[in-house]
Amino acid sequence: MATLLRSAVLNPEGYRTVRPAGDGGNGKSHSFSSLAPRLDSIEGKTVYLIDTGFGGSGKFLDQLQAWFAERMPSVKTVRRRKTGNIFRDDTKDLWVEVKERGQAAILGVVG
Amino acid sequence: MAVAACSRTLEQEYGIPTAPVSTFEFANVVAGDRRFHGIPLRFIYTPHPVVGMPPSVLRGYIEGKDPATQRTVVDEVVEALTKPVTEDEFVGDFTPPSRAGVRQALLEPDTEDNLQRLFYERGWTDGLPIILPTEERVAAMLSGTNRAPDEVVGEIFLHDTQEYLSFTVEMVAIVGVMAGARAEHLPVLLAIASTGQPSIPGSTTPFACMLVVNGPIRNEIGMNSGVGAFSPRNLANSVIGRAWTLLTINWGYMRLKKQFWTSQGNPIGYNNMCVAENEERSPWEPFHVQKGFQAAESTVSLFRGWSFVNNVVGSSHRTVGEDMFIQLGALPGLYSAATLILDPLVARHLKENEGYRTKLDFSRWISQNFKMPAGQFWGTDLIHMMMAPLAEQGVEPYASWKKLPADTLIAPYDKPENINIVVVGGETSPMWKVADFAYSMSASVDKWRAKPATDECADGSCGLPDEP
Amino acid sequence: MDRRKMLALLGASPALVAGMPTHAETLPEVAPHPATPVLGGPITVLNPAVTPKLAERVPLAPRLNSLDGKTIYLVDTDWGGMGQNDGILQEMQAWFAQHMPGVKTIIKIKKGNFVTDDPGLWKEIAESKGNGVVLGVAG
Amino acid sequence: MSREAGEIEQTYHIPTVAAAGSNVVSFGIGPNVAYNTGMPIRYVGVPFPFSGQPRSVLKGYIEGKDTVSGRPMMQAIVDALTAPLTTDERLSGPAPDAPAAEPRILVASSEDDLQRLFREKGWTDYNPVILPTQERVAAMLRGTHHKPDEIVKSAAGTFGSRRPFTVEKVATLAVMAGAKPEYLPIILALASRVPYQDSTTSIAQMIVVNGPIRTKIGMNSGLGALGPDNEANSVIGRAMTLIHKVIQGYQEGITGFASLSNPLRYDNLCIAENEESLPDGWLPLHVQMGYKPTDSVVTIFTGWNFINSTGWVEQHYAPQFLMRDYMSSLSGMSATLLMDPSVVDLLHGVQGFQTKAMLGDWLSQNVEKTAESYWGNSIVSSMLAPLGRQGLEPYASWLKLPDKAMIKPFANARNIRTVVVGGKTASVWFATDFMPDRGTLIDAWS
C-alpha cells in the first residue's frame, strides 16, 4: 500500500530513564589509574593460575603449569579455582591471598 | 564475563598484573566488556574451543599461535605480565556508554511496508510482522489500565551497560500494540513487565522461559487452557507470549550478536509457552494459590529452563509416575527443579485412582522415587559448574553424591517443593510434558486493571470501551 | 451499527463469507470508530481461504431387520497396539450373551496396525456369512 | 477406521457400526464424511479414555450411554445395525448443497477489522499479519515463474480430502506471513507437501533447509539460528503454520484434537544447516539423502520431543555419552540430533567420529532401554507391536523379553540423523525424535 500512514508511529526506543547497577559509582565518569605496574621479570616470582570455572579452564591451566615447570622452573605457580558465581567477580578471600603471596595472576578461560 | 571482571579488580584494587585468557570466538564479547569498562586488559586469545579438548590439544594451544596476533600464546602471557605499561594504557576519566537519553518520540511518517522493514532492520522485532504502534493504537491500548502512561512499571537489567532500565506503562503499551494485543490484555503485559525478567535470559545455552496465567483474567480475556493450549490457535495466548519477547528485545536490549550470545537459540522464545492453567478441570488447587495468592486474584507465573519432553501416552500396566521417569531421565535435575504440565485427565487419574490428594503429594513421590546414575548427573555441564562448588564446600547431599561411583543411583530431586505442577489440556488424550523449568516468580495482574477488580459497577459503565 | 453487532455479523459461519457473490464483496459499511484512522478508505485484499470439495456420496449397505439368529463380528482395530481394546469388545460379547442370546458374536483382531487395512479379514467375514460388524475402538 | 467400515459396507454389503472415543468421534461423523469418505458410517461414542481402564470401568461404559446419541450404548449398536437407512444414508453421486466457491476478493473498512476477520476465520496464528493486498500479492508472485492460477495440489486436506489450491493462494499466505518474494519458492515447496501429519498427541514439525538458497535469502544457520531473531527463519517457519490451517484446513477442535499440542508449532523449528562449518567427511543432510550439494532442498521432519543438552560438554563426560543417556528417553523409532559446530569439532577432532554415520552407528550400539519402557510408548506399541506379533524381527523377539531386559531400540542406525546448526559460543545440542520426509527440491518452484 503506497499510501503514507496518516497517523504517526511511536518510536519504540523513545524516552528512557536508566540508573547504573551498584558497582559503577553514579554511572557518570570514573577515573581509573592505569593497569597495575608490570614485573621486570617473572623469574623466581609466584604466579597464580586462576580457573574461573568455565568449561575446560582447569585442564588448560594444568597444561600451562606443566609448561612453566619444564621451561621456566624458577616460576612458582599456584593453581586455584575461583569460588562463587562464575559470571560475576564476587570473590574476596582469594584476591587477598594472591596479593599477600603472589606477584601476578593468569586467569582463564573464556569459552 | 567473570575473567574480565576478576582481572579488572586485581589490576585496579590489588595492583596485581594479570594475563586474562580467552578463546578467539569470544573476542567480540571481550571487546564489548572493554567498551563498557574502559580498562585495556591485556587479553590473550587461544583457538576455540577449550572446553572438552584433551590435554595434548591444549598444550598445542599454549605453544601455538594466538589467532588474533599470530604470535605464540605463552610468549604473550609472559609479556602481558612483564612488558611495562605504555602511555595509552593509562585511562584517566572514562564515561561508560549509557542507554539513558531522549530519542525523538515519533518516527518519520512512511508507508506500512517501509515501516515494517524499518522495525526489522532496527532490530525491534523477532523477525515476524508487527502492528505499527500509531498514536491512536497506543492510546486505545492505554485504556486497558488505570495507571498513568508515564508511571514506572519495573526495571530490567542491561548486561552490556550494566544499568537498570526503568520502563513506563506507555513503553509496555507500545510493545503490546506491536504484538497485536488488545486493551484487555494490557494488565497481563504490565504484570509481566513488573517482574523485570527477560523472556530470553542471557546465556550462550538455549535458555528459555514459560508463562502461566491464573485466576479470573484467564476467562475474561478468553485465554486457552484446553485443546491445543500450547499451539497458535488463541489470540490472548499468542499475543501475550510474543509481547514478552518483544519487550525483552526492545527494552531489555536482548539483540543477537550485541547483547545475547545464545549459540543455537531456542524456538520456545517465539511464544514462551504462554498458557492459562485449566483450573476448572483440575482436581487440585490452582498454581497461584500454592504460591500464596487468593483463588480470586489474577496472576502471571514465570518459569525458566531449557527443555520439555512430551510423553506419548504411557502404557497401561505402569503408574503415571513411573512413566514420567522416562522423560525425567532426559533432564539434568539442576537444583531439583522440574515442572510437570498435566492434562486434566492425568491429574484427575493421579488424584482419584493413584491417591495423590495434593500436587505436593505427587511431587514428594517423584522426589523419593526417581533415580539417576551419579555419573550422568555429574556429566551435565551445568550441574558440574553450578553444583560441584557446593560439593567441594561439603554441602550435603552434593558432597556425598560427588564421591559415589558413576553407576550408583541417586535421587537428584531432593527438594519436592521445586517440582512444580500445572494442569493444562483439553482431555482429548492423557498427555503430559515434563520440563526442566524452575519457578522464578509470580506477579499480580489485578493492580494493573482498567478498573480495580474489586469495584462493583452496577450500571455496567465501567467495562472496557468498545474495541477500536 | 454498533461495533459488537458488526463483529457478530463478521464472525458468522463460513456460509456467510462463502455465500458472497464472486465479484468484490463489500462487508456491511461501518462508521469508523473515531479512534481508529481509516487508512485511505476501504481496503481490498485477496481471500486466503481455499474452497473445499465435498466427497462423492456413497450409500450405506441395507440394514438387517433384526439381529436374532444373526452372526456379528466384533473386530478389534488394535488401536494402542498392546491389545488395549479387547476389554471393551469382550464386555460387548458378554452383554450380547446375556441380553440377546440369539445373536452369535465372534471377536477378531485386525492384522497389521491400526492404520493398515486388512482386506483378508473382511473377505473371511463375508465368506463365513457374517451378518454385521462392530469395528472399534479408535482413540 | 472409516475406510475399513466403508470397504465392508461397499464391497461385501455387510452393515457396520464403528466405535470411537468421545474425544474424536465428532470428526468421524462430520468433516470426515463430508470431505473424505462421502460415506455416513454409523458411529457410537465410547467415553474417553478407555485404554488403560480396569474392566469394571469398561463394563460401565457398555452399560452406560453412547456419547453420540445419548441412548444406552448397546441399544445404539443394535439400532445402528438394524434401523432402516435414512434418505441421506442412501445418497450417491455428487453431494448436494456443496459450499459456494470462496470469493477471490474481500473488502473491509479498516485494517483492524480485517486483522480481526482473519483471526476469527482461523486463518492466522493470532499474531499480526501483513494484509494481502493485490499489489503485495502481485509483488510476491514475482518470486516464482509458476503461473498464479496453477494448481499446486488437490488432495491437500487431512486424510487427503480435496482442497485444490493455486500458486496465488500460497503467495497470499506468504504475504500474510511477512515474506519477501525470494522466500516464495521455499514456501511453495512446503505447501506442496500437505497434508502434514496430526495427532491427539503433541506432534510437531521441523523444517531444515540445505543448499545455496540458505545464504541467497539470508537464512541463519549460526548464532541463535533456532530463533527468535532471523527474518527468513521466522517467516518461513510461520508460513507453514498458516498453510497448515488455511490450505490443509486444520482447525483445533474441528479437524484436529491435540490435547496440549506443542509450542514448536509457532515456528516449526525452521532452521538452515550450518554447512560451512562441517569438517570433511561430515556431509550436509541433503547430500546424505542423495541430493547434489548445489541443490537447494527443504526437508520436513515430524516428531514430538526436542531434548536440550542444557549446558556445555563436560570434560570428563564425552558428548556422545550424554547424548546416549538422553536418547534412551526417545521412542527409538527415529532420532535427529541438532548439534552446535563446536560439538562437531569435539566429536570429529577428538572422539574420532570421521562421519555422521559413524556417530549414528555408535549411538545405535550404545543407546539402551528396558523392553518395558520401549513397549510403554504407545506410538511404538501401536505401530510395531502388531508387526512383532506377525513375526517381524527384531520386534517379535523384543515382545517376548521380560520387562527389565535391555534392548537397543535404534537397531537401524540409519534412523539416527545429525543436523549441524549453531554459532560455536557453547558446545550445546538437542536430541529429538524427529523423522524426515524425503525432501523437496526448492529449485523446482523458483
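So that the names make sense, note that chain A is the first sequence line, chain B the second, and so on, each numbered from 1.
- Proximity to chain B (any heavy atom under 4.5 Å) is shown, for D:M327, by neither the backbone nor the side chain.
- By number of non-hydrogen pairs under 4.5 angstrom with chain B, the leading residue of D:G422, D:G21, D:A426 is D:A426.
- Only the side chain of B:L345 comes within less than 4.5 Å of a heavy atom of chain D; its backbone N, CA, C and O stay farther away.
- Only the side chain of D:Q115 comes within contact range of chain B, with at least one heavy atom under 4.5 Å from a heavy atom of that chain.
- With a 6.0 Å cutoff to the six-membered ring centre and a 45° limit on the axis angle, B:K433 counts as a cation-pi contact of B:F230.
- Between B:F207 and B:W306, a ring centre-to-centre spacing shorter than 6.0 Å is recorded.
- Looking at B:F325, neither its backbone nor its side chain comes within 4.5 Å of chain D, counting heavy atoms on both sides.
- When the candidates D:F321, D:F48, D:W429 are compared by the number of heavy-atom contacts under 4.5 Å with chain B, D:F48 comes out ahead.
- The aromatic ring centroids of D:H244 and D:Y250 lie less than 6.0 Å from each other.
- Checked for salt-bridge contact, D:R238 and B:D126 miss the test: no charged N lies under 4.0 Å from a carboxylate O.
- Here the CG-CG distance, from B:L256 to D:N220, works out to 6.5 Å after rounding to the nearest 0.5 Å.
- A donor-acceptor pair is defined here as one N or O able to donate and one able to accept, closer than 3.5 Å; such a pair exists between the side chain of D:D433 and the backbone of D:N305.
- Only the side chain of B:Y120 has a heavy atom closer than 4.5 Å to any heavy atom of chain D.
- For D:F306, the parts lying under 4.5 angstrom from a heavy atom of chain B are both the backbone and the side chain.
- Heavy-atom distances place the backbone of B:N234, and not its side chain, under 4.5 Å from chain D.
- Without hydrogens or angle criteria, D:T425 side chain to B:T262 main chain gives no donor-acceptor distance under 3.5 Å.
- Heavy-atom pairs under 4.5 Å with chain B peak, among D:N262, D:L269, D:L264, at D:N262.
- Heavy-atom pairs under 4.5 Å with chain D peak, among B:L235, B:V57, B:I130, B:T205, at B:L235.
- For B:E25, the part lying near chain D is the side chain, with the backbone staying farther off; criterion is any non-hydrogen pair under 4.5 Å.
- The backbone N or O of D:R324 lies less than 3.5 Å from no partner atom in the side chain of D:E368, so there is not a single donor-acceptor pair.
- Judged by the 6.0 Å distance and 45° axis criteria, D:K245 is not positioned over the aromatic ring of D:W123.
- Of the atoms belonging to D:A179, not a single heavy atom falls under 4.5 Å from chain B.
- Ion pairing between a basic and an acidic side chain is recognised when a charged N comes within 4.0 Å of a carboxylate O; D:E231 and B:R117 show such pairing.
- With chain D as the partner, the residue from B:T125, B:D343, B:N353 showing the most heavy-atom pairs under 4.5 Å is B:D343.
- With a threshold of 4.5 angstrom between heavy atoms, B:T245 approaches chain D through side-chain atoms but not through N, CA, C or O.
- Of the listed residues (D:L346, D:V421, D:D267), the one with the most heavy-atom contacts under 4.5 Å to chain B is D:D267.
- Only the side chain of D:V350 comes within contact range of chain B, with heavy atoms under 4.5 Å apart.
- Look at D:R136 and B:D113 and you find a salt bridge, because one of the NZ, NE, NH1 or NH2 atoms lies within 4.0 Å of a carboxylate O, short of that distance.
- Contacts of D:S309 with chain B are made by backbone atoms alone, with heavy-atom separations under 4.5 Å and no side-chain atom involved.
- Checked for salt-bridge contact, D:D229 and B:R255 miss the test: no charged N lies under 4.0 Å from a carboxylate O.
- Residue D:S202 touches chain B through both its backbone and its side chain, counting heavy-atom pairs closer than 4.5 Å.
- Listed for the D:Q251 side chain is a donor-acceptor partner under 3.5 Å among the backbone atoms of D:G122.
- Only the side chain of D:S427 has a heavy atom closer than 4.5 Å to any heavy atom of chain B.
- Taking B:G180, B:A229, B:S238, B:S56 one by one and counting their heavy-atom pairs under 4.5 Å with chain D, the maximum is reached by B:S238.
- Contact annotation for B:R242: only side-chain heavy atoms (C-beta onward) come within less than 4.5 Å of a heavy atom of chain D.
- Heavy atoms closer than 4.5 Å to chain B are found in both the backbone and the side chain of D:I307.
- Looking only at distances, a side-chain donor or acceptor of D:N268 sits under 3.5 Å from a matching main-chain atom of D:G237.
- In this structure, no portion of B:L328 lies under 4.5 Å from any heavy atom of chain D.
- Checked for salt-bridge contact, D:E252 and D:R265 miss the test: no charged N lies under 4.0 Å from a carboxylate O.
- Interface check for chain B: of the options D:S373, D:S342, D:G178, D:P49, the most heavy-atom pairs under 4.5 Å are formed by D:S373.
- In this structure, chain D has a heavy atom under 4.5 Å from the backbone of B:M178, while its side chain stays farther away.
- In terms of heavy-atom pairs under 4.5 angstrom with chain B, the leader among D:L223, D:T124, D:V129, D:I130 is D:L223.
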